[in-house]
Amino acid sequence: MIRMANQIAAFYEPYTRAEALKGIHGHIHSFWEPRMRKQIYDYIDGGAEGLSPLVTAALSDKK
Amino acid sequence: MTSETQPLTLIKEKDFGTKAAHAVDNRMVTLEIDGREVTVPDGTSIMRAAAELGIMVPKLCATDSLDPYGSCRLCLVEIEGRRGTPASCTTPVAAGIKVTTQNDRLAKIRKGVMELYISDHPLDCLTCAANGDCELQDMAGEVGLREVRYGYDGANHVFARKNGEQNEMWQPKDTSNPYFQFEPAKCIVCSRCVRACEEVQGTFALTIDGRGFASHVAAGMDEDFLASECVSCGACVQACPTATLIEKSVVDHGQPEHSIVTTCAYCGVGCSFKTEMQGERVVRMVPYKDGGANEGHSCVKGRFAFGYATHKERILSPMIREKITDPWREVSWDEAIQYAADRFKATQAKYGKDSIGGITSSRTTNEEVYAVQRMIRAAFGNNNVDTCARVCHSPTGYGLKQTFGESAGTQDFKSVDHSDVILVVGANPTDAHPVFGSRMKKRLREGAKLIVVDPRRIDLVKSPHVTADYHLQLRPSTNVAVLNALSHVVVTEGLVDRSFINSRCDKEDFARWEKFISDEKHSPEATEALTNVPAADIRAAARLFATGGNGAIYYGLGVTEHSQGSTTVMAIANLAMATGNIGRDGVGVNPLRGQNNVQGSCDMGSFPHEFPGYRHVSDEATRHLFEKQWGVKLSGEPGLRIPNMFDSASSGTFKGLFVHGEDIVQSDPNTNHVTHAMESLEICVVQDLFLNETAAYAHVFLPGTSFLEKDGTFTNAERRVNRVRPVMREKQGMAEWEIVGRLATAMGYPMMYTSASAIMDEISALTPTFQHISFKRLDEVGSIQWPCNDEAPDGTPIMHIEEFTRGKGRFMLTEFVPTSERSNRNFPLILTTGRILSQYNVGAQTRRTENVVWYDEDILEIHASDAEMRGIREGMMISLTSRMGGTTMRAKISDRVPPGVVHTTFHFPMNGANVITTENSDWATNCPEYKVTAVQVTPSNRPSDWQDEWEVRERENKRIEKPLVAAE
């Protein structure tokens, strides 16, 4: 899951930060099933070790 | 079954003798034939013009699938004011000429020609297999041949012995091909087979050997058909006017009496066939000339490999068992369906509504897929529905939707006839999409240029009369870097089609992409060390693609099955837009789809985030539309994708799975992970033809129907919706959509359809791209390419003509990100997997046909230098190991793969190719990275541990309890 999230972040790397955050958030909310989303939000709450800072920032909405 | 009111008939397509002419500026010519005026396109043959009038000039060497040849001298005509009797097949029409097709002089010449033909042909018509379907017989009848004055004592090819001696001219019957025979004694040397092999199939396996009376048809180096390079496509059999090349099934059973047009159930080309029948027995499958996808051509699978439908291993009775270690018990439909429903409901009661889900099949009809996704969304009450497109073309759907706005290829197959430069990326059309491959080769022989991007030297790179101008033999996993480098050259060398960009694309996105791609790090020189492709080749290939006329891109799973699959699809779309190659004949972005209905299964809402027609489940208007139709509240949250289902099963939150017509245990990557997930399920229901690898982990088996029993539609790679018509009753007694409907009903959600046609009506009512598609309409026009709606009432062969579906084309930034799967000292080689012509996918169908004579086990291709270093010789058993697991198979020394790369197929379960592959997947869609696995290869003398376990499971998990027989 961490790898998948980081892969998404890597794709959005060349975009502006605002677009990247929107893109990553949108992607995870459009394609990830709720229990996967819960896992990643829980993981961020638990320290987000190894997770791309872009992902953490994109999912800072806590939803 | 359907209740057709039309009486059945044996369809015989009219043979116009020569091909339709395409005149410059549509110039028409008027002439007179036998006193009747006819107007035809300039360039039409006199033979065809006569046929348009209904006057069928006698002929033998001419047929309208081939170029005219003028050898049989039977089609002679007289033209007023011209000397002699020219052949009508090779003589074009001219304005005002007056043609006579029959008079005493012509009749006499024709009779003389026929007499000579028959003087070297056996007179066994009554016992001949072609009796009733022989053009030689027909012509003898038409010219009124009544005697053969020459006798048979002289030189001939007919009899094995002559004057008590062996006849050197005579050759025995060649029965080496499993599906057709070659009987030289009946050959009239019209060359139709040789020309079909060249012109239609493009294999050049046949030739005329010898001269004069000694000339004869020879396969390969005058060897038997099986030993030659013949690919068994059937084009020669189709072209033969006599019994010389004929299907063995016709020899065995006799001539068919009726035929029904249907669609092949193998690859995504979706060829139309006439199923020629005697009662409910299929005598042969014959490619249908009016089939939009194949126009009369076929391959070895579609034409011949249908025997699996009646194979003895097919399961025809529903079965259940409590545990996967129990033997299967045959039960009634009602019991099996109730049992499945009860266990699904119990699982949901225990673990929650989202603990079950299902997988739709890309081999079943649109109507069946639609029924399954409806059952999951409405009866299961969640969106845990996915399909095998997940593991093949899901990045195509994502990438093309992002850039163009629609999740499908842009062209019809015919478009390639107008291409000037063809770029093939990670696809092997001559093996995996052979009928389209033949079409592409034809265009290449006409002079189109070819660029191949593939780590392996596929047949297209060099085969008879086809040579790639550039073979960019990249290191696996560097697709994005190569495509970026191509675009870099286009942009930095000023080859961008500015007028296309200005009128058709989003300017801001383009400007940003232009800046991104111009960066020196994307240049061919900067990426050469990474990709292994010489920079000069990339530059030359990019210039050729951008300036060579109509540029068309065809790609396959070598693009999608990577961690950057979606990025590669976008990079392809970027390149097509930058060079202005979208929106007309001869150009476009064309995914070559793997399975017959993979496009259709995606269209029908098989993805966990999309309703039919690619509309997101969170879209309220769409959701309300389906809620209203289905009378139930639907979830607006995306469901689990296949790999997520496995992960959730392993972690204990996903407990029930319905698998329709897909063998996930064999086809999905990292078999050990998949089987662990399968063992964690509390209920698995498999609906399939055979007890496949997945069924070893199932509790309920619901027998399915073969395509020969189905009523419905398939949608091919060019978005063409084709009818699938039943030629026999369901062998297990129930249509598959009805099984699904009954299961949903047993779960408490009544879902009873009355017919497949009614399901299509529901689809078209709810899906804007299918608005005007119905069985009635399809039966009238043959096939329709979606979108078919008010804006495009006759369908859409080519998309994005005036504007993109999303409005302006959108350039995406495609940064190259290396895969995490790397070779190292322990796993120094990169394994990539693919298909072979004679076998199909997991092989469930083709392994159960005579196609195994060509390929009966998965083989590892390894370069000579890698083999030598390891002491591996041709045919040796080797062990293939990755970080995931190990298996064994035989090695083949091959220079098709470069040093450092090995290749195998995944058609045979006991070879377990997917025990090796990893769980790496595409960032956007989770499509597995099948094409890149770091491996080691060593000599081996025993099966791997996994193979030993497989043997036991094959024996134990597939036992069927024999019903008890009362003792005497």
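Since the model is a prediction, treat every value here as computed from it, not as a measurement.
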- Query: Which bit of B:M570 is near chain A, if near means a heavy-atom gap under 4.5 Å: side chain, backbone, both or neither?
  - Reply: side chain
- Item | Shortest non-hydrogen separation from B:T527 to B:A485 and the atoms involved | OG1-CB, 4.0 Å
- Note on the structure: For A:A9 and A:V55, the nearest pair of non-hydrogen atoms, with its separation, is CB-CG2, 3.7 Å
- Item | All side-chain contact (heavy atoms from CB on, under 4.5 Å) counterparts of B:P928, not counting sequence neighbours | B:V391, B:P669, B:Y930
- Drop me the distance from B:L681's CG to B:T347's OG1, to the nearest 0.5 angstrom. 9.0 Å
- Message: Determine whether B:V490 and B:L486 satisfy the following criterion, side-chain contact (heavy atoms from CB on, under 4.5 Å), listing intermediate values before the conclusion.
- Response: CA-CA 6 Å; B:V490 170; B:L486 288 167; 5.7 Å; no
- Sequence neighbours excluded, the answer for salt bridge (charged side-chain N to carboxylate O under 4.0 Å, His left out) partners of B:E682 is B:K350
Chain B and chain A: which donor-acceptor pairs fall below 3.5 Å?
unit_1, atom_1, unit_2, atom_2, d
B:D354, O, A:R35, NH2, 2.5
B:Y398, OH, A:H27, ND1, 3.4
B:R512, NH1, A:E19, OE1, 2.4
B:R512, NH1, A:E19, OE2, 3.0
B:R512, NH2, A:E19, OE2, 2.9
B:H616, NE2, A:S30, O, 2.9
B:E637, OE1, A:R37, NH1, 3.0
B:E637, OE1, A:R37, NH2, 2.8
B:E637, OE2, A:R37, NH2, 3.1
B:T653, O, A:R35, NH1, 3.0
B:T653, OG1, A:R35, NH1, 3.0
B:L813, N, A:Y15, OH, 3.0
B:N920, OD1, A:R3, NH1, 2.9
B:S921, O, A:Q7, NE2, 2.9
B:A924, O, A:H27, NE2, 3.1

